[in-house]
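Remarks on the structure that follows.
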Number of protein chains: 2
Amino acid sequence: MTACSVRLQIFLQLQAVNKELCSKFEACLGASTSRVEILHYLLQHEEVTQSTLQREVNIDAAAVTRHLKQLELAGTIVRYKKADDQRATWVKLEEEAKRHIEQSYSEKSQFVKETLDGFSEAELEQFLQMLSKVSKNVSRVTKNHLGGENK
Amino acid sequence: MTACSVRLQIFLQLQAVNKELCSKFEACLGASTSRVEILHYLLQHEEVTQSTLQREVNIDAAAVTRHLKQLELAGTIVRYKKADDQRATWVKLEEEAKRHIEQSYSEKSQFVKETLDGFSEAELEQFLQMLSKVSKNVSRVTKNHLGGENK
DNA sequence: CATCAACAATTGATGCATCAACTATTAGAC
DNA sequence: GTCTAATAGTTGATGCATCAATTGTTGATG
């Protein structure tokens, strides 16, 4: 119990932080975190298919479809198909939306900066690495368990 | 952009890690993270009112009600009122459920341990402190923004 | 002691994410 | 070339969390 308690606390704290962060973030900036992730990815990749977007952002395909539909309706993105493959749907940000997002990044960065107040650059770097390490561990764990180790 | 990019990445990574962690956790152990948090709290506090539970675990009151209803139906907890205040509902784990949860902690701890593989005890401690610091920052940020600084 | 504000819990409505089932398109096997 | 399997996206059903509105209870004020 005591040996695992720090780890369990980390787990619970991670939950708690993330949850609060999400709700505050949405309240402050009026966009769900999923949508932010999608837009962030699109801003950095110019043109992608829905399926790769779905894989990269790690959101269910159905959710991606619904988000993109709304974003298209709002004029934020364009969706289109290409001649060589009529299955894949490509997604791209509208030019105006790009500018808009870039601009709103300043507000976001202000928010993010405040939540990471009191961290030195070195600590931030370290924090990020820790998160990445956990991320790697998590994906590995699943594979093992599905491999038959579980139960 | 570059100055904030590490911070933004932390934010996004935090999201990603948490999400994957939750889904894997649920898949492996068959309980939603909310429920785990509730049960964890109950295991450590013997007897508690719904409203304090709701505050401590930071879940919406409606969600708490629904979780507890199910848990009561499953025989995991008991709910009752006290003579001196007919408003508050008190919640307590059944003895058998306590044992069951304690026992299932070993499986959980195995899972948690794997996700935190490769961390020294000192690093874990540090990680936890970082998370706590972010948590404090987040709650502070909200107050400021609601105070009128936003917009 | 009647009224009103507060507190506690519940319910209904809504939004979002996921799974499963389905359609359409492409590529491979024979 | 046709049949089958795989791929891409969509839709419906379900579960969960949140907000808003409601009920019931308590305490304070006049």
Side-chain angles (χ1 to χ4, degrees), chain A residues 15-16 18-39 47-74 77-92 142 146, chain B residues 15-16 18-39 47-74 77-92 142 146:
Chain A
Q15 298 292 125
N18 187 67
K19 186 170 178 183
E20 225 184 322
L21 206 48
C22 284
S23 76
K24 286 2 173 196
F25 190 81
E26 281 187 43
C28 283
L29 297 164
S32 79
T33 47
S34 294
R35 186 153 302 185
V36 169
E37 286 175 298
I38 289 175
L39 293 175
E47 190 189 52
V48 279
T49 61
Q50 281 192 205
S51 55
T52 60
L53 179 63
Q54 181 243 314
R55 222 178 313 116
E56 293 290 319
V57 180
N58 193 29
I59 296 179
D60 185 87
V64 170
T65 295
R66 283 162 183 140
H67 273 295
L68 294 182
K69 256 188 191 170
Q70 291 181 17
L71 289 170
E72 189 176 35
L73 201 70
I77 60 162
V78 217
R79 294 200 295 167
Y80 49 92
K81 293 188 182 260
K82 293 190 175 181
D84 62 325
D85 190 340
Q86 291 290 322
R87 288 174 300 185
T89 304
W90 293 81
V91 184
K92 202 168 65 170
T142 324
L146 291 178
Chain B
Q15 298 293 124
N18 187 66
K19 185 170 179 183
E20 224 184 323
L21 206 48
C22 283
S23 75
K24 286 2 173 195
F25 189 80
E26 281 187 44
C28 283
L29 297 164
S32 79
T33 47
S34 294
R35 187 153 300 184
V36 169
E37 286 174 299
I38 289 174
L39 293 175
E47 189 190 51
V48 74
T49 62
Q50 279 194 207
S51 56
T52 60
L53 179 62
Q54 181 243 313
R55 221 178 313 114
E56 293 291 319
V57 180
N58 192 29
I59 296 179
D60 185 88
V64 170
T65 295
R66 284 163 182 139
H67 273 295
L68 294 181
K69 256 188 190 171
Q70 290 181 18
L71 289 171
E72 189 176 35
L73 201 71
I77 60 162
V78 217
R79 294 200 294 167
Y80 49 91
K81 294 188 181 259
K82 294 190 175 182
D84 61 326
D85 190 339
Q86 289 292 321
R87 289 175 300 186
T89 305
W90 293 81
V91 185
K92 202 169 65 170
T142 323
L146 290 178

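A, B, ... follow the sequence lines: proteins, then strands. Residue 1 opens every chain.
With sequence neighbours excluded, the residues satisfying side-chain contact (heavy atoms from CB on, under 4.5 Å) with Q54(B) are A61(B), V64(B). Applying the side-chain hydrogen bond (donor to acceptor under 3.5 Å, both in side chains) criterion to S51(A), with sequence neighbours excluded, gives T49(A). Partners of R79(A) under the side-chain contact (heavy atoms from CB on, under 4.5 Å) rule, at least two apart in sequence or in another chain, are Q50(A), L68(A), K69(A), E72(A), I77(A), T89(A), V91(A). For Q70(B), the side-chain hydrogen bond (donor to acceptor under 3.5 Å, both in side chains) partners at least two apart in sequence or on another chain are R35(B). Residues satisfying the side-chain hydrogen bond (donor to acceptor under 3.5 Å, both in side chains) criterion with S34(B), sequence neighbours excluded, are absent altogether.
Under a cutoff of 6.0 Å and an axis angle of 45°, K81(B) and W90(B) do not form a cation-pi pair.
In terms of phosphate contacts, K19(A) brings a side-chain nitrogen or oxygen within less than 4.0 Å of OP1 or OP2 of dT18(D).
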Contact state string [nucleotides 3-12 of chain D, B base, S sugar-phosphate only, - no protein heavy atom under 4.0 Å]: ---BBSSBBB

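Computed from coordinates, the F25(B) CZ to dT18(C) P distance equals 18 Å when rounded to whole Å. Between the P atom of dT18(C) and the CD atom of E26(B) lies a distance of 10 Å, rounded to the nearest Å. Remark: P of dT10(C) and CG of L73(B) are 14 Å apart, rounded to the nearest angstrom. Atom CD in Q15(A) sits about 14 Å away from atom C1' in dC16(D), given to the nearest Å. Q70(A) has its CD atom 9 Å from the C1' atom of dG15(C), to the nearest Å. Distance NE2 (H67(B)) to C1' (dT10(C)): 15 Å, rounded to an integer number of Å. The interatomic distance linking E37(B) (CD) with dA17(D) (C1') rounds to 13 Å, in whole Å. I59(A) has its CD1 atom 15 Å from the C1' atom of dG15(C), to the nearest Å.
Distance OG1/T52(B) to CD/E47(B): 10.0 Å, rounded to 0.5 Å.
Residue S34(A) is classed as a sugar-phosphate contact, given heavy-atom separations below 4.0 Å to backbone atoms only.
Pairing of dA17(C), defined by two Watson-Crick or G-U wobble distances under 3.5 Å, is identified with dT14(D).
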